[in-house]
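Beneath this line is the structure, given in C-alpha cells, with notes to follow.
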There are 2 protein chains.
Amino acid sequence: MGRTAQISRAAILSAGLAIADEHGLTAVTMQAVARRLRVTPMALYRHVANKDDLLDGLVERLLAEVSPPAAGLPWQERLAAMAHGIRATATRHPGVFMLLLSRPAVTGEALGARESVYAALREAGLDPDQVARTERLLSTMILGFAASEAAGRFARHPAAVRDADFACLLEWVGHLIDAAAR
Amino acid sequence: MGRTAQISRAAILSAGLAIADEHGLTAVTMQAVARRLRVTPMALYRHVANKDDLLDGLVERLLAEVSPPAAGLPWQERLAAMAHGIRATATRHPGVFMLLLSRPAVTGEALGARESVYAALREAGLDPDQVARTERLLSTMILGFAASEAAGRFARHPAAVRDADFACLLEWVGHLIDAAAR
DNA sequence: ACCTGAACACCGTTCAAGT
DNA sequence: ACCTGAACACCGTTCAAGT
C-alpha cells in the first residue's frame with residue numbers, strides 16, 4: 001500500500017463493473033473509471049485499447065459469472081441451473097446485461113455454455129440436426145426474459161409475479177424439448 | 001420552399017430515425033439531427049425537451065409502424081401477423097429497436113397491441129387469469145428474437161436459417177397456446 | 001414565437017513529455 | 001514500462017440575444 005497507485009486490465013474492469021452496477025451503463029466513462037482508480041483517464045489506454053474494448057471486457061466478466069452447471073445432474077436440472085444463473089447475473093448487473101444481446105458470443109466462456117446446452121439437448125434425445133436451432137431459440141427465450149427484466153420492462157409487476165413468470169417459461173422449455181424429442 | 005427552414009417535432013423524429021437507420025443509434029446526436037435539418041442544435045429544444053425525449057419519440061415511431069392486425073382473421077393468423085410485423089420493424093430499424101426493451105410500453109400504440117394479444121388469447125380459450133402472463137411470455141419470446149436478430153446475435157447465420165428459426169418459434173407459440181387452452 | 005451565438009462542463013482520444 | 005499534462009474535436013444543455 002505504500003506504493004504509488006497500480007493499475008491493470010482486471011482492476012479497470014472491476015471499477016467499470018462497479019460503476020455500471022451503481023449508476024448505470026451511461027455512467028461508465030473513461031474519466032469515471034480513472035477517477036475511481038485515482039489515475040488520469042489516459043492511464044487506462046495502457047491496459048485497454050479503447051472504450052469499446054473496456055465494454056467487451058465487462059461482457060466477458062458477466063459471462064464468467066454464469067456458473068457452469070454441475071456435471072452429473074440430469075439434463076433437465078442442468079438446463080434449469082443455467083437458466084437461473086443467467087437470470088441471476090442479469091439482475092445483479094442489469095446495466096451491463098443489455099450489452100450481451102448486441103455482442104455475439106465468441107469468448108471461451110460463451111462457447112462453453114453453448115456446448116453444455118448442446119450436450120443436454122442430445123441427452124434429451126433431440127435429432128442432431130435439431131440441436132443447434134433449438135439451442136438458439138431456447139437461449140433467445142431465456143436471454144430475452146432476463147434482458148427484459150433487467151431493462152425494467154416488467155418493473156410494474158412484483159418480484160413474486162416475475163418469479164412465477166420465469167417458472168412458467170422454464171416449464172414451457174421442458175414441454176418443447178419433450179415434444180421435439182418425442 | 002422559399003421560406004426559411006421550418007422545424008417541428010415530427011421533422012426532428014424523422015431526421016433522428018433516418019440517422020439511426022443509416023449510421024446507428026450512437027450517431028443520433030443533437031448536433032447531427034440539427035445538421036440534417038440545417039439548423040443549430042439549440043433550435044431542437046423548442047420542440048423536444050431533451051435528448052431522452054427525442055429517443056422516446058423514436059420508440060413511439062417504431063411502435064406506430066407495427067401495423068395492427070386485420071380484424072376478422074382467426075386468432076392464429078392475427079398473432080402471426082403481429083409477430084411478423086414486429087420482426088420486420090426490427091430489421092428495418094435495428095438501431096432503435098434495442099430501445100424498445102428498455103422503455104416500458106406505456107404509449108397508446110403499445111397498449112393497443114397488448115389488448116389485441118389479450119383478445120386473441122381469450123379467443124383461443126385461455127383462462128382469464130392466464131391471459132396476462134401468457135401475453136408477457138409470448139411477447140418476450142418475439143421481442144427477444146427480433147432484438148437478438150437486430151442486434152446481430154445471429155449475424156453469422158444466413159437469412160434463410162433465421163427465417164426457419166423464426167418459423168419454428170411461431171410453431172412453438174402455437175403449441176404452447178394449444179396446450180394452455182387444452 | 002422561433003432561431004442563433006456564445007458559453008459551460010463533460011466526453012473519447014492522441015501525442016509529447018516526464019519518471 | 002507506466003503515468004501525466006496539454007490539447008483537440010465532439011457531446012448535451014443553458015442563457016441571453018436577435019428577428
Side-chain angles (χ1 to χ4, degrees), chain A residues 1-61 93 95-96 98-99 102-103 151, chain B residues 1-61 93-96 98-99 102-103 151-152:
Chain A
M1 278 297 181
R3 300 266 214 94
T4 167
Q6 285 291 15
I7 239 183
S8 67
R9 182 178 169 93
I12 290 173
L13 296 185
S14 296
L17 192 54
I19 293 171
D21 292 345
E22 292 169 19
H23 304 106
L25 192 60
T26 60
V28 181
T29 70
M30 300 302 268
Q31 350 257 330
V33 171
R35 196 158 37 227
R36 181 176 274 250
L37 295 172
R38 307 192 162 287
V39 137
T40 35
M42 300 70 85
L44 305 179
Y45 288 88
R46 251 329 114 167
H47 310 272
V48 154
N50 48 33
K51 192 181 176 185
D52 233 55
D53 183 35
L54 194 160
L55 295 180
D56 280 334
L58 294 188
V59 171
E60 283 170 37
R61 278 287 176 95
H93 310 290
V96 186
M98 298 299 298
L99 293 180
S102 40
R103 317 213 165 205
Chain B
M1 276 294 182
R3 301 268 212 94
T4 167
Q6 284 293 14
I7 239 183
S8 66
R9 182 178 170 92
I12 290 173
L13 296 184
S14 296
L17 191 55
I19 293 171
D21 292 345
E22 291 168 21
H23 304 105
L25 192 60
T26 60
V28 180
T29 70
M30 299 302 270
Q31 349 257 330
V33 172
R35 197 157 37 231
R36 181 176 275 250
L37 294 173
R38 308 191 163 286
V39 138
T40 36
M42 300 71 86
L44 305 179
Y45 288 89
R46 246 338 107 172
H47 310 271
V48 153
N50 48 34
K51 191 182 176 184
D52 233 57
D53 184 34
L54 194 159
L55 295 179
D56 280 333
L58 293 188
V59 171
E60 283 168 38
R61 277 287 175 95
H93 310 290
V96 186
M98 299 298 298
L99 293 179
S102 41
R103 319 216 160 199

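Numbered from 1 within each chain, the chains take letters A, B, ... in sequence-line order.
- Whole-Å rounding puts the B:Ile7 CD1 to C:dA1 C1' distance at 13 Å.
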Let's go through B:Arg36 and B:Gln31 carefully: what are the C-alpha distance in whole Å and the side-chain angles of both, what is the deciding distance for side chain to side chain contact (heavy atoms under 4.5 Å, CB included) to 0.1 Å, and is it a yes or a no?
CA-CA 9 Å; B:Arg36 181 176 275 250; B:Gln31 349 257 330; over 6 Å; no
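- Regarding B:Tyr45, its OH atom lies at a distance of 7 Å from the P atom of D:dG12, rounded to whole Å.
- Rounded to whole Å, the distance from CZ on A:Arg35 to C1' on C:dA9 is 12 Å.
- When every heavy atom of B:Val33 is checked against every heavy atom of B:Ala15, the shortest pair comes out as CG1-CB, 4.1 Å.
- For the OP1/OP2 pair of C:dG12 and a distance below 4.0 Å, the side-chain nitrogens and oxygens of A:Gln31 include at least one atom meeting the criterion.
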Query - B:Leu99 vs B:Asp56, side chain to side chain contact (heavy atoms under 4.5 Å, CB included): CA-CA, chis, key distance, verdict - result: CA-CA 8 Å; B:Leu99 293 179; B:Asp56 280 333; over 6 Å; no
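- Of the candidates C:dC3, D:dT4, C:dT4, C:dC3 carries the atom nearest the B:His47 side chain, counting heavy atoms from C-beta on.
- In a base pair of the Watson-Crick type (N1 to N3 plus N6-O4 or O6-N4) or a G-U wobble (N1-O2 and O6-N3), with each distance short of 3.5 Å, C:dG18 is matched with D:dC2.
- At distances below 3.5 Å, at least one donor-acceptor pair connects side-chain atoms of A:Arg61 with backbone N or O atoms of A:Ala10.
- At whole-Å resolution of the value, CE in B:Met42 and C1' in C:dC8 are 13 Å apart.
- In this structure, the nucleotide among C:dT4, C:dG12, D:dT13 sitting nearest to the side chain of B:Pro41 is D:dT13.
- The distance between atom CG of A:Leu44 and atom C1' of C:dT13, rounded to the nearest whole Å, is 11 Å.
- At the heavy-atom level, B:Met30 lies under 4.0 Å from the strands shown only through sugar-phosphate atoms.
- Here A:Asp53 pairs with A:Arg9 in a salt bridge; the nearest charged N to carboxylate O distance falls below 4.0 Å.
- As a whole-Å value, the separation of A:Arg46 CZ from C:dT19 C1' is 13 Å.
- Nucleotide D:dG12 forms a Watson-Crick or G-U wobble pair with C:dC8, both donor-acceptor distances falling under 3.5 Å.
- Between A:Gln6 atom CD and D:dA1 atom C1' there is a gap of 10 Å when expressed in whole angstrom units.
- Computed from coordinates, the B:Lys51 NZ to C:dC10 C1' distance equals 14 Å when rounded to whole Å.
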